[in-house]
Amino acid sequence: MSELPKDKKIILFDGVCNLCDSSLQFVIKHDLKDIFRFVPLQSELGQKIINHIGAISIDSTILYEPEKNWYIKSDVAFKIIKEVGGPYKFLLVLSILPKSILDYVYDYIAKNRYKWFGTKECCMIPTTKLQFKFLA
């Protein structure tokens, strides 16, 4: 996928989910090293990336490192926390829990996210200042 920056980590997110939008705002605010770029799962580019990595029908945020690896579920959360650092690094202690438990909690929240947090009609439209971070 030549159109993707090789030196950035790509976060594929649910563009209509309010919880995902809040999480995205958190990452943008704390991405002081400019590590991440963002692509809505619903976008054409999001679908191309999903097909490229073979992640069909995943109900998860995806972290994609072009030409390297991709991650889903709790792995995404821990990888992002590790990168943004700061006072949130203490949450990494949770990564000692079994992955099956962490992913079960992730799946439970993901399954109920629309009911608990609601949805919006369309993906977030980034401000001019933030447009460069969105690849879709």
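Values below: every heavy atom of this structure, side chains too, minus hydrogens, waters and symmetry copies. Quick caveat, the model's predicted, so the values are computed rather than measured.
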Is any side-chain heavy atom of [X] closer than 4.5 Å to a side-chain heavy atom of [Y]?
| X | Y | result |
| --- | --- | --- |
| Ile62 | Ile53 | yes |
| Tyr114 | Cys17 | yes |
| Ile81 | Ser95 | no |
| Val105 | Ser74 | no |
| Arg37 | Ile11 | no |
| Leu135 | Lys8 | no |
| Ile10 | Leu63 | no |
| Phe38 | Val27 | yes |

If you round to the nearest 0.5 Å, how far is [atom2] of [Y] from [atom1] of [X]?
| X | Y | atom1 | atom2 | value |
| --- | --- | --- | --- | --- |
| Leu92 | Lys79 | CG | NZ | 10.5 Å |
| Ile28 | Gln25 | CD1 | CD | 5.0 Å |
| Ile50 | Leu45 | CD1 | CG | 10.0 Å |
| Ser60 | Asp107 | OG | CG | 8.0 Å |
| Asp75 | Thr61 | CG | OG1 | 12.5 Å |

Shared hydrophobic cluster for [X] and [Y] (ILVMFWY, side-chain gaps under 4.5 Å):
| X | Y | value |
| --- | --- | --- |
| Leu130 | Ile35 | yes |
| Leu94 | Ile109 | no |
| Leu19 | Leu102 | no |
| Leu4 | Ile72 | yes |

Looking only at atom types and distance, does a side-chain atom of [X] sit under 3.5 Å from a main-chain N or O of [Y], one as donor and one as acceptor?
| X | Y | result |
| --- | --- | --- |
| Asp31 | Asp34 | yes |
| Glu65 | Lys9 | no |
| Asp14 | Cys20 | no |

query: Below 4.0 angstrom, N of the basic side chain to O of the carboxylate: do Glu67 and Lys6 qualify?
result: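 Counted as a salt bridge, because a side-chain N and a carboxylate O are separated by less than 4.0 Å.
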task: Hey, could you give me each pair passing ring-ring contact (aromatic ring centres under 6.0 Å, His included) that has a residue in residues 67-103? Not counting sequence neighbours.
output: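 Sorted pair list: Phe26-Tyr88, His30-Tyr88.
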task: Enumerate the residue pairs fulfilling ring-ring contact (aromatic ring centres under 6.0 Å, His included) with a member in residues 91-112, sequence neighbours excluded, ordered by first and then second residue.
output: Tyr108-Trp116
message: Please evaluate residues Lys33 and Glu83 with respect to the criterion salt bridge (charged side-chain N to carboxylate O under 4.0 Å, His left out), reporting the C-alpha separation (whole Å), side-chain torsions for both, the decisive distance (0.1 Å), and the verdict.
response: CA-CA 9 Å; Lys33 298 180 208 163; Glu83 291 292 352; 5.0 Å; no
